[in-house]
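To keep things clear, I will list the structure first and then write my remarks on it.
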Amino acid sequence: MQRLALVTAAFAVAMLGLTGCGSGEDPPQKLSKADYEKAVKYSACMTKYGLDVPVPDPDGEAPAGEWTMDPDEPKNAAALAACGRLSPSGHVQGEEASEAQVNRALKMAECLRTKGIKTKDPEPGKANFSIADDPGGTPEQVRAAYMACDKKYPAAKS
């Protein structure tokens, strides 16, 4: 599940820009038009899956406050699997994963497919399986399937 934390962190960087801590630092970077449009789609998708993700204003400025989530929570992990493909620049496509993480991701993808959820296997050596744009079920069905598969194939605690 470390990858999901990286996806979330990368999205936060893309959404919020790089901020300076002291005086004389560069101001936050604005999102490009393409990244802004992706951020809006990502936020809408995450909202559809029950998570309230802030969206920058139309000028690409970051929203006030900060957004955090627990990527080990099955509801959150299901939303990230379903919406990660929509994340703006900075989205981490999955770092090299351990053999156990890759095996779990393959089992999770297969388990979700057996429950009628359209899921792609992870890339070789990675644990970044994704749920299709049209997953074959409602967000509630995707969450329920993900939670059932997560219970069957729990992530190793780090």
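Start at 1 with the first residue, then count along the sequence.
- Partners of K115 according to the side-chain contact (heavy atoms from CB on, under 4.5 Å) rule, which considers only residues two or more places apart in sequence or in another chain, are C111, A145, A148, C149.
- Contact of the M46 side chain with the L86 side chain is not registered, since no non-hydrogen atoms from C-beta on lie closer than 4.5 Å.
- Between the CG atom of L80 and the OG atom of S130 there is a distance of 12.0 Å, given to the nearest 0.5 Å.
- T138 contributes atom OG1, which lies 7.5 Å from atom CZ of R143 (distance to the nearest 0.5 angstrom).
- Of all the heavy atoms in V102 and G125, the pair that sits closest is CG2-C, 3.7 Å.
- Checked against salt bridge (Lys or Arg N to Asp or Glu O under 4.0 Å), E110 has the following partners two or more places apart in sequence or in another chain: R113.
- If you take NZ on K126 and CD on Q101, they are separated by 12.5 Å, rounding to the nearest 0.5 Å.
- With sequence neighbours left out, the side-chain contact (heavy atoms from CB on, under 4.5 Å) criterion links P74 to Y146, M147, D150.
- A distance of 9.5 Å separates CE in M108 from OH in Y153, rounded to the nearest 0.5 Å.
- Contacts of K41 classified as salt bridge (Lys or Arg N to Asp or Glu O under 4.0 Å), with partners at least two apart in sequence or in another chain: none.
- Remark: E99 engages no residue in a salt bridge (Lys or Arg N to Asp or Glu O under 4.0 Å) (not counting sequence neighbours).
- Applying the side-chain contact (heavy atoms from CB on, under 4.5 Å) test to P135 and every residue at least two apart in sequence or in another chain returns Y49, I117, I131, V142.
- When every heavy atom of C45 is checked against every heavy atom of A82, the shortest pair comes out as SG-O, 4.1 Å.
- Under the 3.5 Å distance criterion, the side-chain polar atoms of S43 are left unmatched by any main-chain donor or acceptor of A39.
- Here the CZ-CG distance, from F129 to D121, works out to 10.0 Å after rounding to the nearest 0.5 Å.
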